[in-house]
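A, B, ... follow the sequence lines: proteins, then strands. Residue 1 opens every chain.
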Amino acid sequence: MASLYVRLSRRNIVEQLPRIRCCHVSASPTHNYNSSPLNQSNKKLSNLIRSGRISEARTLFDSMKRRDTVTWNSMISGYVQRREIARARQLFDEMPRRDVVSWNLIVSGYFSCCGSRFVEEGRRLFELMPQRDCVSWNTVISGYAKNGRMDQALKLFNAMPEHNAVSYNAVITGFLLNGDVESAVGFFRTMPEHDSTSLCALISGLVRNGELDLAAGILRECGNGDDGKDDLVHAYNTLIAGYGQRGHVEEARRLFDGIPDDDDDGNEGKRRFRRNVVSWNSMMMCYVKAGDIVFARELFDRMVERDNCSWNTLISCYVQISNMEEASKLFREMPSPDVLSWNSIISGLAQKGDLNLAKDFFERMPHKNLISWNTIIAGYEKNEDYKGAIKLFSEMQLEGERPDKHTLSSVISVSTGLVDLYLGKQLHQLVTKTVLPDSPINNSLITMYSRCGAIVDACTVFNEIKLYKDVITWNAMIGGYASHGSAAEALELFKLMKRLKIHPTYITFISVLNACAHAGLVEEGWRQFKSMINDYGIEPRVEHFASLVDILGRQGQLQEAMDLINTMPFKPDKAVWGALLGACRVHNNVELALVAADALIRLEPESSAPYVLLYNMYANLGQWDDAESVRVLMEEKNVKKQAGYSWVD
DNA sequence: GTAGGGTTAG
């Protein structure tokens, strides 16, 4: 009864089938098709595509002597899944005969690519279709909905001959992607029958919009699970996961405990509402997110039915707390580790800085996917092995894996680390051509440009962001201006940010204070520092004190800076002493410079910077004997002068 | 081989 609409749609498709020519059925008799070499190859092809091995799939496709429409469709589907629309289109144009599935595939391909040009082409092809089935309509409706074009989605929804649950789900999801909770719920209520998939769509969208109470209310209202509805446990699992994401572990557990377990009664024969492995995994994930590893482990140990997801969840939990011993132990124990298990282990090793072992695991993987590459590249970037990251990035492309926004975000950070504007610009072009930039991509571009001295380009990226700019984006731009000495611009942008009610973070204030330091604004600096504490309730950190020391020092208020260091509630770190030492050099205060240099040398005995600064100070003042003794001391302590620190300036 | 929805990796 709950699948009424699904049944309706099946009837639709079945009714339309006779009008659609299916090539393989007419080309060869059915009885020997199943065992035919063609069918065997088709199965192999779809298996390769399912496991993401696209280049192997293409090799097989190219080597096949006979191909039917299913062969072509499978290959097209592989490219569509990977958003390689040009390749998909080429095959679509080349194929000898197209059926409705071929058309649906290519239309769906265009709609899942970003950019209005693609959407228009998808729509054009939809209009050109010789036959349309329910899937064709739903593809276009969901395509518009995901691209924020709810006007078109609704227009087509109203124009389609008969709806099924999928049509409704696509519209509901579309509303919720746009944050339109009211319309989503309203639309859900117009459905004559609610099946679990619509309920899932609604609940997961409500959770994304932070509407947990509303989601719980609707779940209660739609039945407590024992009234014959299909798989209502899906909807429960959605909400359990949603509570987990928002940190409401107790509510999640109440819901979980409310689902009957298998051993609650002996009524096994009848299919009914029960906990399944996803319920267990979702509940386990709640504990993982809350950092409650003991509870997660307890649940895992109690589970009767185990799947890879359960193992992977627990592995990722140990990875998150950096317990690689336990993570590796589980990895070895699990019956068949999959690509997710490998990726988690690689990520954990990279996070611990063990790049060699991470790389070793990476190379031993039976099959890598895009995330494997992203994980290892991000690992190299975070550990500042930029050359290694670039090498992997080229290898990835040689192996036919296309970078996505995560890859690009990492390699843009690599170009920042290398201060390589040329590379950064090339990557920026790649971004423009291949992905719809999101916040992390824009933020890494802004940081890259400003670190590479191209503040105008940073500003262009910032201004071209059409949608909402998150606080990290603002921080990146304000920080860029501040480090460039463009204090007025930094402070102006900060004002604008506050006017737009974007809540600043402690990082924003580090940049604001740096801007004040560059501009010599002592009063303004203090004012901002106090405003941070009093207006925004942000606890000052040692970084803020370092900026204040810098502000005072640059203005020659060295004793005030020293007093601040002595009274601040933190142990001064190298940034604090570095700021003081730099100021002492500018204002030729040898006495305090020695204090700062001494502290710096204690913190970082191997660093040559304080020695070089002291040397240059003495040299500047013409005190060559003292300068020479610094050099000798450095030799004695076996400190090597690092590139980038000049003996002259 | 195609449209929507629940848990795990970057």
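- Of the residues in residues 438-445 of chain A, none lies under 4.0 Å from DNA chain B by heavy-atom distance.
- Secondary-structure stems of DNA chain B, taken as three or more successive Watson-Crick or G-U wobble pairs (i with j, i+1 with j-1) under a 3.5 Å distance threshold, are lacking entirely.
- Residue T173(A) places no side-chain atom within donor-acceptor reach of the base of dG4(B), judged by atom type and a 3.5 Å distance cut-off alone.
- At whole-Å resolution of the value, CD1 in I141(A) and P in dG5(B) are 14 Å apart.
- If you take CZ of R82(A) and P of dT2(B), they are 16 Å apart, rounded to a whole angstrom.
- Not counting sequence neighbours, the partners of D385(A) by the side-chain contact (heavy atoms from CB on, under 4.5 Å) test are L355(A), Y380(A), K387(A).
- dG4(B) atom C1' lies 12 Å from atom CG of L177(A), rounded to whole Å.
- Dashed line: the shortest gap from a side-chain N or O of K146(A) to OP1 or OP2 of dA3(B) is not under 4.0 Å.
- For the pair N164(A) CG and dG4(B) P, the computed distance is 11 Å after rounding to whole Å.
- Ion pairing between K368(A) and E363(A) fails under the 4.0 Å rule for side-chain N and carboxylate O.
- For the contact set between residues 402-414 of chain A and DNA chain B, defined by any heavy atom under 4.0 Å, the members are D404(A), H406(A).
- A salt bridge is absent between E251(A) and R246(A); no separation between the charged side-chain nitrogens and carboxylate oxygens falls under 4.0 Å.
- Judged by distance alone, the side chains of N343(A) and N312(A) never bring a donor and an acceptor atom under 3.5 Å apart.
- Residue L255(A) contributes atom CG, which lies 12 Å from atom C1' of dG6(B) at whole-angstrom precision.
- Every residue meeting the ring-ring contact (aromatic ring centres under 6.0 Å, His included) condition with F157(A), not counting sequence neighbours, appears here in chain and number order: H163(A), Y168(A), F187(A).
- For an aromatic pair to be called close, the ring centres must be under 6.0 Å apart, and F362(A) with W342(A) fails this.
- Per the geometry, CZ belonging to F256(A) stands 12 Å off C1' belonging to dT7(B), to the nearest Å.
- Checked by atom type, the side-chain pair R89(A)/Y79(A) shows no donor-acceptor distance below 3.5 Å.
- Here the C1' atom of nucleotide dA9(B) and the CE atom of M285(A) are 10 Å apart, to the nearest Å.
- The base of dA3(B) is not paired with the side chain of D133(A) by any donor and acceptor separated by under 3.5 Å.
- Between I49(A) atom CD1 and dT2(B) atom C1' there is a gap of 13 Å when expressed in whole angstrom units.
- Salt-bridge formation is not detected for the pair K44(A)/E56(A): no Lys NZ or Arg NE/NH1/NH2 atom is positioned less than 4.0 Å from an Asp or Glu carboxylate oxygen.
- Under a 4.0 Å N-O distance rule, the pair E305(A)/R275(A) does not qualify as a salt bridge.
- Of the candidate nucleotides dT2(B), dT8(B), dA3(B), dT8(B) has the atom lying nearest to any side-chain atom of S316(A).
- The pair E127(A)-R124(A) does not meet the salt-bridge criterion, since no charged nitrogen lies less than 4.0 angstrom from a carboxylate oxygen.
- For A252(A), the side-chain contact (heavy atoms from CB on, under 4.5 Å) partners are I240(A), Y243(A), M283(A), C286(A), not counting sequence neighbours.
- Side-chain contact check for C222(A) versus F188(A): some heavy-atom pair is nearer than 4.5 Å.
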